[in-house]
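Notes to accompany the following structure.
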Amino acid sequence: MGKHRAIHWFRKGLRLHDNPALLKACEQASELYPIFVLDPWFASSPQCHVGCNRWRFLLQALQDLDQSLQSLNLRLFVIRGQPEVEIEKLCQQWSITKLTYEADTEPYAVQRDAKVEARMEALGVEVIKCVSHTLFDVNLTVKNNGGCAPLTYQKFQSVLSKMGTPAKALLSPTLTDLEGCKTPVSSSHDQYYGVPTLEELGKSSSDCGPLLFPGGETEALDRMERHLKKINWICNFEKPKTSPNSLSPSTTVLSPYLKFGCLSPRLFYHRLQQVYSGKKHSQPPVSLHGQLLWREFFYTVGAVTPNFDRMKGNPVCRQIPWGSKPEHLEAWTEARTGYPFIDAVMTQLRLEGWIHHLARHAVACFLTRGDLWVSWEQGMKVFEELLLDADWSLNAGNWMWLSASAFFHQYFRVYSPVAFGKKTDPNGDYLRKYLPVLKKFPAKYIFEPWLAPSSVQQAAGCIVGKDYPRPIVDHDRARQENIKKMAAAYAAAKSSNEGSPVKTSGGGKKKLSTELDKQPNKKLKK
DNA sequence: ACGCTTGTTGCCATG
DNA sequence: TCATGGCAACAAGCG
């Protein structure tokens, strides 16, 4: 007989499969209250960086969750208010003895959960939290690396290699698991605890783009299985060889589902392993396993690095004197840089909420070290709003990567806003899809419409400077100037030892002398 | 200690 | 079509 009255608090981890905390909630419970806490005030506040598409995804995920729970005689409660306040009230109202949830390593979540735990302690409610959002417990990974985060993928892999394979994914709870356990539901449940509409959150569904990636666990599992059927594709997958500008996604687009936890990374990992088994297959970092490891890498570093989403006070981030040109940031954000590839990607992002990883590279490089010299933090905030898969650790980590602020340092490798897109879309079909104003340009000019003779512009019905912007900067010149600025920032960091992630030796003497370096090595063998 | 190798995904010219 | 080197030259890890 169940003696517990339990709350399972969904935050991320919007799924029933591989949800150890949910299973813990079911154990010896006579009453189980699955809740999700939503602060409607936050949804409409200016501090909220969640665009309409992602709200829609979340609400769909919650709907799907409620459906699945109903088939287990359970119901989801969507609670309106602040978590620490509302959960305390509910514990008293429902005489709760046990609270379970999935561990979350993001700083705001760590703080929030600490507050909740303190209140639960005072109330005498048992709190159980489980790791299921990442392949491993990232704090254990850090511990196994000697107490600091591994800052290269290689180092990260070598730490993981000592940790074995990730835990197997757990099954969803069944009616048998839940025997004698139900959610007490009143007739006014939907009125008070139903999944809200976009309108209730002050959003309008007319602001959303086409529904390409419906939210929820059901869709996540379908999507994963659809891809896993393509055995050769899975085994040969190499991320850098996929196209950033195909007309339909060249990768799985499971990222939004992983972000919200509609899909367990451990389930995906082991399902991939099953497909790989006995076959020749690609390897990390480029394989699909490798993609899960990248996610894990940034989660791990993000969990233990102070100020990970900022430049100042961030020990892994190079300090770079980014400029502030609001009009440049605005043009980039609003897809009017005058570089069709950049503008098409930014249009797809705003409209659909997902762009290919390499497309993110191109626009991130363009905004920061490549062309506009705008801080990566600014770009990160735009992605935070518009991406369905906006994930705090990955977003900050990748923006630092692309801006050569951390992890990646070869700042003279700059993506060309013209040449990069041409490689995989020589005809410019992707540009025509997202920038219809350029539709009639011949392939020869569509990546650089400002070079088209005026007769061509007229025939295309698009005059550059009138119907489509001129290039916001001259790429070649901007690139050269920015490389110089990056070199200066790197040199400054070296001489002051500031922004250098890991302290090596003492002072800043280092090399003055390429001369010395060129001298023959006079060391004698033995 | 210091030199060497490597680094998921650049671009361009050359062969 | 693909591989290579120059570009101007970085950080981190390893031995």
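Letters A, B, ... are given to chains in the order of the sequence lines, protein chains preceding strands, and every chain is numbered from 1. These numbers come from the heavy atoms of this one structure, side chains and all, not from hydrogens, waters or symmetry mates.
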Rounded distance (Å) that lies between atom [atom2] of [N] and atom [atom1] of [X]:
X        : N      : atom1 : atom2 : value
A:Trp401 : C:dA11 : CH2   : P     : 15 Å
A:Tyr415 : B:dT8  : OH    : P     : 12 Å
A:Met486 : C:dA9  : CE    : C1'   : 13 Å
A:Tyr153 : C:dG13 : OH    : P     : 16 Å
A:Gln480 : C:dC7  : CD    : P     : 14 Å
A:His357 : B:dG10 : NE2   : P     : 11 Å
A:Lys423 : B:dC12 : NZ    : C1'   : 11 Å
A:Met400 : C:dA12 : CE    : P     : 13 Å

Tell me whether the NZ or CZ atom of A:Lys325 lies within the 45° cone about the ring axis of A:Trp373 and under 6.0 Å from its centre.
no

With A:Arg223 as the cation and A:Tyr257 as the aromatic partner, state whether NZ or CZ is under 6.0 Å from the six-membered ring centre and within 45° of the axis.
no

Rounded distance in Å between the [atom1] positions of [N] and [M]:
N      : M      : atom1 : value
B:dA1  : C:dG15 : C1'   : 11 Å
B:dC11 : C:dA11 : P     : 23 Å
B:dG7  : C:dC7  : P     : 23 Å
C:dA8  : B:dC4  : P     : 22 Å
C:dC14 : B:dT8  : P     : 13 Å
C:dG5  : B:dT5  : P     : 14 Å

Donor + acceptor pair across side chains of A:Gln274, A:Arg271 (<3.5 Å)
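A donor-acceptor contact under 3.5 Å links the two side chains.
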
Is there a donor in the side chain of A:Tyr468 and an acceptor in the side chain of A:Asp343, or the other way round, less than 3.5 Å apart?
yes

Are A:Leu394 and A:Trp294 close enough that some pair of their side-chain heavy atoms sits under 4.5 Å apart?
no

Within the 4.5 Å heavy-atom criterion, are A:Val374 and A:Ser324 side-chain neighbours or not?
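Contact flag for A:Val374/A:Ser324 side chains = no.
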
Under a 3.5 Å distance rule, please check whether A:Tyr339 uses its side chain to pair with a backbone N or O of A:Val473 as donor and acceptor.
yes

Does A:Arg310 use its side chain to pair, donor to acceptor, with the backbone of A:Lys312 at less than 3.5 Å?
no

Can you tell me if A:Phe412 is stacked onto the base of C:dC7, using a 5.5 Å centroid cut-off and an angle below 30°?
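One would not call A:Phe412 stacked on the C:dC7 base.
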
Nearest of [options] to any side-chain atom of [X]?
X        : options                : result
A:Phe420 : B:dC11, C:dA12, B:dT8  : B:dC11
A:Tyr490 : B:dC11, C:dC10, B:dT8  : C:dC10
A:Pro285 : B:dT8, C:dC10, B:dT9   : B:dT8
A:Arg318 : B:dC11, C:dA11, B:dT8  : C:dA11
A:Leu358 : B:dT8, C:dA9, B:dT9    : B:dT9
A:His409 : B:dG10, C:dA11, C:dG13 : C:dA11
A:Gln410 : B:dG7, C:dA11, B:dT8   : B:dG7

Contact class for [X] (heavy atom, under 4.0 Å): base, sugar-phosphate, or nothing?
X        : result
A:Lys484 : nothing
A:Phe408 : nothing
A:Val414 : sugar-phosphate
A:Gln291 : base

Report yes if at least one side-chain N or O of [X] is closer than 4.0 Å to OP1 or OP2 of [N]; otherwise report no.
X        : N      : answer
A:Arg413 : B:dT9  : yes
A:Lys155 : C:dC14 : no
A:Arg360 : B:dT9  : no

Out of curiosity, A:Arg54 CZ to A:His49 NE2, how far, rounded to the nearest 0.5 Å?
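Answer for the CZ-NE2 pair, A:Arg54 versus A:His49, is 10.5 Å.
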
Stems with DNA chain B, 3 or more Watson-Crick or G-U pairs in a row (under 3.5 Å), are B:2-7 with C:10-15, B:10-15 with C:2-7

